[in-house]
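Only one structure is covered here, and it is reproduced in the block below.
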Protein chains: 2
Amino acid sequence: MEDRPQGQAAEDGAARRIPKAVIKRLSLYSRVLQNLEMKNITKVSSKELSEHLGQNPAQVRKDLAYFGQFGTPGVGYYVAELRAQIKRILRTDREVRAAVVGVGNLGQALLAYTGFAREGFRIPIAFDTDPLKVGRTIGSAQVLPVEELEERIRQYGIEIIILAVPSEPAQAIADRVIRCGITAILNFVPTRLVVPPGVKVHYVDLTIELESLAYYLK
Amino acid sequence: MEDRPQGQAAEDGAARRIPKAVIKRLSLYSRVLQNLEMKNITKVSSKELSEHLGQNPAQVRKDLAYFGQFGTPGVGYYVAELRAQIKRILRTDREVRAAVVGVGNLGQALLAYTGFAREGFRIPIAFDTDPLKVGRTIGSAQVLPVEELEERIRQYGIEIIILAVPSEPAQAIADRVIRCGITAILNFVPTRLVVPPGVKVHYVDLTIELESLAYYLK
DNA sequence: TAGATTGTTAATCGATTAACAATC
DNA sequence: TAGATTGTTAATCGATTAACAATC
């Protein structure tokens, strides 16, 4: 599965381990390309693209080179085409369904946030233990009791779990969703989750972000 | 200012450029130490500390070594003392005041979030353009009209701005707060801010986090 | 003291940037 | 064609990990 003929570029295969930073930049490029598209700009060079991001043009070219050849020497990249390719690489050239677990302040904000839908994500359901929250609709999500977690994840074809519960139940919830096939978790809980290999967790730690800013004061 | 005698460890001076990743890990260590303290554990080795974080013990020691010598060979680190030192390094051994600009869904969630207060942050004020929001109190913050931005930042001794406005006004707001002395911005807006040297911006980009997770599906 | 663990230097690893032949 | 820009290799830079003398 991981040792395979080294020769080919393997445009589509997930052959070499792609650095996580590359994947994040790809998503960033996609957004810049979206903006360019809206301005009716059809072509862009790696230099121009990099300037929008405060980065190095060589990095843009190298990031893309992990996945294939998308440009034209002497010309640059075609905006619409490159964006389509990146969306395909990121697997967001289709509707991806996510669910929020924990409908507290943060959970509600995430459900009401419109930025996800813009990239093709749908959040049809959310879960909470509070009977007062169950039954409500926030954004486009219906709030369901956490008892129905497994059943509803399957029913709605959920692929990503957005975790916004308190610290205490976080690991138990993670265990449950992983047991029913979830492999991607966006974790807002300040707790390190222990997960089996093959499950990917992205941590968003608001306190760390704020506290580490304080270091640069004065 | 940046070339100085290389000899000494310079425990307190911000001498060498400390990698941003080191600062973030320091904040992470602080939280683990806080948990250990609550369990009445008084001593901890770099090995134990690193296990709580899924990291390398040498990295823990090296991170701390940027700032001084806090451990005892053969013993390890004293939990309470090390935590106090880290808080001092991070400049969070005092009350740090922040303000939220933009009281939409995300802004409200951040104001209601209790995790910041736990680390000594206070958010006494927030700003919005909507007259229906102005005058309300969310969490411990009073919502003020954005016209009063400069005046109120000075009045309340605000040091960090948490930016949660729409994309369009983000740069203009940043310019205004920087002009009145702010040097640290926590930016939730998916827009690259152009700021003068000396101003530190941390980006939290929810869409990028979610979209880059999709890559690991299937 | 013997055992354990630090602080720090050296080795390794990986990511970023520069350079340039290939090519439109 | 001449000019521009890609894709890719090589050079540089920085961060992580290993190793070990110093020391409690």
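A, B, ... follow the sequence lines: proteins, then strands. Residue 1 opens every chain.
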_Can you tell me how far apart CD (Q171(B)) and CD1 (I173(B)) are? Round to the nearest 0.5 Å._
10.5 Å

Nearest to side-chain heavy atoms of [X], which nucleotide of [options]:
X      : options                   : result
A58(B) : dA18(D), dT17(C), dT6(C)  : dA18(D)
Q59(B) : dT23(C), dT17(D), dC24(D) : dT17(D)
S46(B) : dT6(C), dT17(C), dA10(C)  : dT6(C)
P19(A) : dC20(D), dA15(C), dT17(D) : dA15(C)
K62(B) : dA10(C), dA22(D), dT16(C) : dA10(C)
N56(B) : dT6(D), dT16(C), dA18(D)  : dA18(D)
R61(B) : dT6(C), dA19(C), dT16(C)  : dT6(C)

_Applying the side chain to side chain contact (heavy atoms under 4.5 Å, CB included) criterion to V189(A), which one of V204(A), V165(A), D205(A) satisfies it?_
V165(A)

*asked:* Side chains of R31(B) and Q34(B) only: does a donor on one sit below 3.5 Å from an acceptor on the other?
replied: no

*For T92(A) and E211(B), does a side-chain donor sit closer than 3.5 Å to a side-chain acceptor?*
yes

Nucleotide forming a Watson-Crick or wobble pair with [N], both distances under 3.5 Å:
N       : value
dC24(C) : dG3(D)
dA19(D) : dT8(C)
dG14(D) : dC13(C)

_Cationic N near anionic O, under 4.0 Å, R25(A) to D63(A)_ = yes

*Would you indicate, yes or no, if dT8(C) has its OP1 or OP2 atom less than 4.0 angstrom from a side-chain nitrogen or oxygen of Q69(B)?*
yes

*Does a nitrogen or oxygen in the side chain of Y77(A) sit under 4.0 Å from OP1 or OP2 of dG7(D)?*
yes

_Atom-to-atom span, CD1 of I18(A) to C1' of dG14(C) - whole angstrom_ = 14 Å

*Check the distance between dT17(D)'s P and Q55(B)'s CD and give it to me in whole angstrom.*
8 Å

